[in-house]
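This report refers to the structure that appears directly beneath it.
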Amino acid sequence: MSDQEKANTATSRAPVSQRGHLVKMPTDGTAIGALVTVSIDGQDVKVPLGSTILEAAKQIGVKIPTLCYHEDLCIAGVCRICVVEVEGQRTLQAACAYPITSPLKIHTHTRKVRQSRRRILDLLLSKHYGECYSCFRNTNCELQTLAAEYGVDFFRFGHPDKPSSELDNSSYSVQRDMNKCILCRRCVRTCIDLQEVGVLEAVHRGDKTRISTFMDKPLAEVVCINCGQCINRCPTAALGAADPTDDVWRDINDPTKHVVIQTAPAPRAAIGECFGLPPGTPLTFEMNSALRAIGFDKVFDTNFTADLTIIEEGTELILRLHKALVEKQQVALPQFTSCSPGWVKYIEHFYPEMLPHMSSAKSPQQMFGSVIKTYYAKLNNIDPASIVTVALMPCSAKKFECNRPEMASSGYKDVDYGLVTRELAQMFKEAGIELPKMPKSDFDDPFGTATGSGVIFGATGGVMEAALRTVIELVSGMKVENLYDHANILPVRGFEGIRYVELTIPKVGPVPELLKTNKHLPFDSWDWLAGATLKVAVAHGTANAKKVLEDIKAGGKLSECHFIEFMACPGGCLGGGGMPIPTSPAIRAARAKAIYAEDAAYEVRKSHENPAVIRLYNEFLTDGPNGHTAHHLLHTTYTPRGKYIT
Amino acid sequence: MSANRKGLVTFSTIDPNAALAAAVAKTRAEIIGEVTASKLKGRGGAGFPTGVKWNLAAAAKGDAKYVICNADEGEPGTFKDRVILAEVPDLVFAGMTIGGIAIGAVKGIIYLRGEYTYLREQLESALAKRRAAGLLGPQVMDKAVAFDIEIRMGSGAYVCGEETALIESLEGQRGEPRNRPPFPVDTGFMGQPTIVNNVETFACVAAIFAKGAAWFASIGTEKSTGPKLFSVSGDCARPGVYEFPLGIMVSELLREVGGENAKAVQIGGASGHCVPSSEFTRTLSYEDVSTGGSVMVFGPQRDMLAVAKNFMEFFVEESCGQCTPCREGNAKLLEGIEMLEEGRCSAAYLDELTKLGEVMQLASKCGLGQSSPNAFLSIVSHFQDELMGRTHGLVR
Ligand SMILES: Cc1cc2nc3c(=O)[nH]c(=O)nc-3n(C[C@H](O)[C@H](O)[C@H](O)COP(=O)(O)O)c2cc1C
Ligand code: SF4
Ligand code: SF4
Ligand code: SF4
Ligand code: SF4
Ligand code: FES
């Protein structure tokens with residue numbers, strides 16, 4: 001089953017009208033698996049029964065334009081731009097929605113087809129208020145591209161000269177400009193079907209149809225989890241991220257400010273796409289030089305705090321396990337990861353009663369912010385008030401996260417700006433920097449040396465793999481390499497929506513020094529873990545998260561887990577809402593490949609072996625992992641929000 | 001035509017129990033064979049052969065199957081289903097039960113137009129009586145077949161008369177048409193094989209089993225068999241529900257209802273076609289001017305632009321707003337009519353709108369958008385002088 005089909009299982013809340021042919025194939029089941037030959041523009045092609053005309057055309061390289069179709073989503077068949085002529089049919093048929101169940105003769109560019117497409121475009125443009133040159137999707141807009149391809153040279157049915165709705169910029173993460181909306185409903189399907197959040201829906205009818213939130217409330221006041229998946233799938237600029245670029249430029253140009261940037265692992269595997277490179281071209285070190293070139297004072301690697309997160313979250317897990325197994329206390333297990341802010345907001349809204357399962361560890365982004373404004377400031381004698389921390393992230397939800405009021409444990413706003421991949425690419429372009437041609441350079445000290453484990457945070461399963469590498473070594477005293485080839489814990493990798501893995505702790509070693517620095521550690525040997533089987537799971541996309549949580553509530557298999565990784569975005573961070581547009585399963589797979597390749601290239605690949613991390617504990621977090629200082633700076637609390645909006 | 005054609009002439013003579021008894025004595029294949037032999041075509045407007053539809057649903061595999069009676073009757077100018085339900089509901093129930101037996105469904109649903117809520121109580125009590133009489137329930141007429149019927153209410157959206165939108169609405173979603181294929185006979189209510197038929201279609205089925213397929217097929221024309229009800233309204237002396245054999249000429253019908261001096265007749269409701277007096281020799285049949293039953297008579301004094309405007313306002317309001325051609329197109333056509341009214345629509349733009357109408361017919365997702373330009377297009381083509389007259393300041 002493809003990701004898309006999975007998103008369309010019976011539990012889906014998407015209306016059947018928007019699930020198209022995925023509901024169930026017509027005609028008799030005995031023929032399933034059979035091939036049908038259709039002719040497209042005179043060319044024969046054999047396709048599996050039930051393929052759409054669009055799929056068949058792709059197979060032989062015939063391009064059919066689409067707007068409401070998206071590879072990740074169920075079929076809507078509403079824009080009608082993909083219509084084709086099927087011999088014997090009175091009307092034109094939507095290629096994206098028409099399942100092939102018999103031999104057909106199809107024509108994709110007859111006069112009728114071209115006239116229809118052109119008029120459909122004219123109709124869309126007659127309602128589309130926007131000027132391409134002042135639009136963030138300029139040169140990367142599906143509507144604009146089609147207008148060019150179909151030779152739109154005048155507005156047959158007019159063109160609005162003033163906006164008809166106001167911009168909704170209430171959200172820290174997602175902005176809506178419905179003047180540019182073409183009602184393809186990709187965002188609706190993304191939110192309800194892919195994410196199972198259901199913030200957006202079409203309201204009213206006829207030409208009054210609009211995409212709306214519950215009772216037309218501003219996005220900031222509804223259950224939006226800020227994942228930005230809708231942004232990545234919007235064909236136009238109707239949806240975008242709140243852009244802090246101007247503020248970042250201002251601070252860079254302010255000589256009294258010390259502006260540092262931390263860069264997350266996923267953007268570096270994708271930013272090349274904004275410069276015409278194929279997905280999965282890593283530009284980590286070119287990006288470091290470019291960041292310095294545009295004026296950042298220091299360039300750090302978020303992987304550093306990813307490693308730190310592993311130590312903190314891993315220690316927390318061990319302490320919870322000890323409480324449960326040895327102290328026989330009531331404690332919330334499985335522990336849930338907390339580094340995906342979209343996931344955090346999801347659970348706050350939809351499963352607030354399960355918040356005790358959340359690790360209290362902050363996300364790597366926020367840990368870094370507080371470490372920079374405390375440890376780094378002290379180390380370098382810089383007034384933290386003059387430090388501006390920017391976070392380069394793949395994620396629109398990070399913009400909201402850094403603005404959470406509780407994220408100020410350093411005494412200042414821990415992270416000042418969440419900048420996403422697309423925005424940084426824009427800054428580079430503005431500065432005339434051709435990123436792929438930049439020389440390579442390393443990250444800055446004192447956080448320079450990262451480990452592979454930090455890098456793979458960018459992919460689904462990455463946090464889990466990193467945590468397992470560390471936990472296994474810390475507990476067993478053995479090298480993971482001896483257990484898993486090249487320390488690659490393959491069972492947790494992949495794109496399957498939910499993955500479940502059991503690992504038996506082969507033997508126990510001595511409790512490592514790093515942990516012992518925590519004076520309150522309630523044990524001094526691992527004996528209580530001897531022979532234990534660690535049960536873990538990984539879920540990505542909140543639709544899958546929902547399945548996991550429901551299973552836990554129902555006392556299913558996943559309720560026996562000890563630790564579960566959740567990522568709000570399909571594919572993990574590499575599919576984040578701040579990543580280059582477009583997105584597709586193939587694009588995400590290419591980015592994942594780049595990330596795992598980078599992991600393999602690192603020498604130190606385990607978080608607890610990161611010398612900078614060890615140094616941080618030695619010099620600053622002296623009461624150890626989960627100790628008092630760590631708790632103050634690196635851990636957080638959550639807000640039960642509920643799903644009923646007042 | 002000598003006999004009185006007003007009212008439910010044939011239907012009022014049919015005994016629903018005799019019809020059901022005749023059907024339960026047959027095998028499923030025989031039932032479908034009988035319906036096919038009658039050459040009955042759907043009375044809801046599209047005219048799809050009922051036997052073919054039932055055969056597909058009978059052959060489809062599913063965990064459960066459903067029979068849905070489309071009683072949404074939303075087409076402007078149509079009110080014959082209401083009369084059937086008010087006067088001979090048992091014919092419809094018997095027809096649905098026969099359909100259930102034919103395709104192997106145990107559940108029937110009547111999707112009743114919201115405005116017909118006042119009929120609900122009497123329909124429920126008619127259903128209760130049938131259950132008490134063993135005509136519905138776990139053993140229909142003491143045979144090993146179960147069937148029961150539930151009434152569900154529509155909420156006033158015209159598009160919910162479209163069978164897949166109707167199903168969406170039944171499932172609790174926004175009433176929006178689905179992509180077809182797959183058709184309801186494969187993937188209908190709850191994703192299961194479903195037949196959706198019009199109220200009158202089910203009543204015809206009962207008539208067929210009471211009087212025989214041959215009797216039914218002998219009425220009307222070769223391709224359009226059986227008696228048909230027409231809802232006649234507008235500028236005529238005797239509006240109301242009439243029964244005529246299919247194939248009747250427009251002029252004959254007009255004579256019967258007292259509308260001989262009509263300038264045009266709108267057949268098939270807002271989504272139908274406007275037939276001008278020069279074409280009154282055309283016939284009401286699936287092969288010529290097809291209709292679900294609505295006949296609106298326009299007298300000589302009628303302003304055809306106002307007629308077209310009225311229809312377009314209806315579609316602008318009733319488009320579900322899902323697909324581009326219908327959502328935006330209807331609004332553009334209405335805007336064009338307003339331009340014509342004000343005399344500021346150029347011939348070139350009218351031509352542009354005509355092309356747009358053709359694109360809507362071709363590229364819309366469902367029957368609503370595919371047929372909403374019909375009235376506009378036929379009025380423009382038959383009454384161009386009257387319309388453009390305003391542009392030249394001749395009419396005001
Ligand atoms: C916009 C639209 C509205 C419709 N409304 C009705 C209706 O009110 N009643 C009806 O029987 N069929 C209606 N239909 C036709 C149905 O989709 C369907 O074809 C019909 O119920 C099938 O029954 P039949 O084969 O017995 O005619 C409508 C179709 C469209 C496109
Ligand atoms: S959304 Fe696309 S078509 Fe619209 S203004 Fe922006 S670039 Fe142009
Ligand atoms: S950001 Fe995510 S939750 Fe919010 S509207 Fe978009 S898809 Fe839905
Ligand atoms: S906001 Fe974007 S994705 Fe959503 S319907 Fe409008 S154009 Fe489509
Ligand atoms: S044609 Fe009109 S009513 Fe039908 S799906 Fe399209 S917008 Fe909706
Ligand atoms: S892409 Fe097929 S209808 Fe929109």
Side-chain angles (χ1 to χ4, degrees), chain A residues 10 14-21 23-30 50 67-68 75-81 83 85 90-94 96-99 101 112-113 115-124 126-127 156-158 182-185 201-210, chain B residues 56 59-62 157 159 164-165 167-168 171-183 185-193 315-332 334-336 349 352-353 355-356 358-365 367 369-370:
Chain A
V16 183
S17 62
Q18 314 232 326
R19 281 189 257 152
H21 71 288
V23 175
K24 190 158 73 62
M25 276 315 307
T27 70
D28 65 317
T30 51
L67 273 174
C68 68
I75 308 290
V78 296
C79 73
R80 314 303 288 176
I81 199 77
V83 286
E85 209 170 325
R90 185 176 49 89
T91 56
L92 300 177
Q93 301 297 333
C96 69
Y98 197 96
T101 53
K112 272 186 196 170
V113 168
Q115 286 198 341
S116 298
R117 287 185 188 155
R118 176 64 199 271
R119 276 166 186 78
I120 287 168
L121 273 174
D122 287 324
L123 286 174
L124 290 173
S126 78
K127 291 284 273 295
R156 186 174 265 115
F157 303 118
I182 56 168
L183 295 168
C184 69
R185 304 200 190 176
E201 183 52 289
V203 297
H204 302 298
R205 294 191 301 170
D207 66 334
K208 297 192 182 58
T209 308
R210 298 181 286 111
Chain B
L56 288 168
K61 293 189 177 66
V159 71
T164 59
I167 291 171
E168 284 284 296
E171 291 182 2
Q173 311 283 6
R174 241 175 102 89
E176 289 182 340
R178 298 175 175 177
N179 292 302
R180 303 183 330 152
F183 296 96
V185 288
D186 280 300
T187 308
F189 182 57
M190 306 309 273
Q192 302 296 338
F315 288 119
V316 167
E317 182 81 19
E318 295 297 336
S319 156
C320 83
Q322 191 182 184
C323 74
T324 317
C326 169
R327 179 185 65 235
E328 311 297 349
N330 284 314
K332 292 293 168 213
L334 177 60
E335 198 183 275
Y349 192 63
E352 204 56 89
L353 291 176
K355 288 217 186 71
L356 171 63
E358 286 160 9
V359 167
M360 291 165 66
Q361 288 176 323
L362 283 172
S364 292
K365 179 167 175 172
Q370 288 163 7

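Computed from a predicted structure; not experimentally measured. Residue numbers begin at 1 in each chain, while the letters A, B, ... track the order of the sequences.
- Remark: A/D207 CG to B/E328 CD distance equals 6.5 Å, nearest 0.5 Å.
- B/N179 contributes no side-chain N or O that, together with a main-chain N or O of A/Y98, makes up a donor-acceptor pair within less than 3.5 Å.
- With hydrogens and angles disregarded, no donor-acceptor distance shorter than 3.5 Å links the side chain of B/K365 to the backbone of A/A94.
- Checked by atom type and distance alone, the side chain of A/R205 never pairs as donor or acceptor with a backbone atom of B/R327 at under 3.5 Å.
- The distance from the CG atom of A/D122 to the CG atom of B/L356 is 9.5 Å, given to the nearest 0.5 Å.
- Heavy atoms of B/A59 lying under 4.5 Å from chain A are absent altogether.
- Per-residue counts of heavy-atom pairs under 4.5 Å with chain B were compared for A/Q93, A/E85, A/K112, A/R117; the largest is that of A/K112.
- In this structure, the separation between CZ on A/R156 and CD on B/E352 is 4.5 Å, given to the nearest 0.5 Å.
- Between B/E317 atom CD and A/K208 atom NZ the span is 6.0 Å, to the nearest 0.5 Å.
- Interface summary for chain A: among B/M360, B/Q361, B/K332, the most heavy-atom pairs under 4.5 angstrom belong to B/K332.
- With sequence neighbours left out, B/F315 forms a ring pair (Phe, Tyr, Trp, His ring centres under 6.0 Å) with no residue at all.
- Here the side chains of A/Q115 and B/E358 are not in contact, with every heavy-atom distance at 4.5 Å or above.
- Among the candidates A/L124, A/I120, A/L183, A/I182, the residue making the largest number of heavy-atom pairs closer than 4.5 Å to chain B is A/L183.
- The CG atom of B/L362 sits 11.0 Å away from the CZ atom of A/R80 when rounded to the nearest 0.5 Å.
- A distance of 12.0 Å separates SG in B/C323 from CD1 in A/I81, rounded to the nearest 0.5 Å.
- The closest donor-acceptor contact from the side chain of A/S116 to the backbone of B/V359 lies at 3.5 Å or more, if one exists at all.
- For a residue to count as touching a neighbouring chain, one of its non-hydrogen atoms must lie under 4.5 Å from one of that chain's; by this rule B/A363 touches chain A with backbone and side chain alike.
- Considering only residues two or more places apart in sequence or on other chains, B/R180 meets the side-chain hydrogen bond (donor to acceptor under 3.5 Å, both in side chains) condition with B/E163.
- The two residues A/T209 and B/C320 make their nearest non-hydrogen contact at OG1-O, 3.9 Å.
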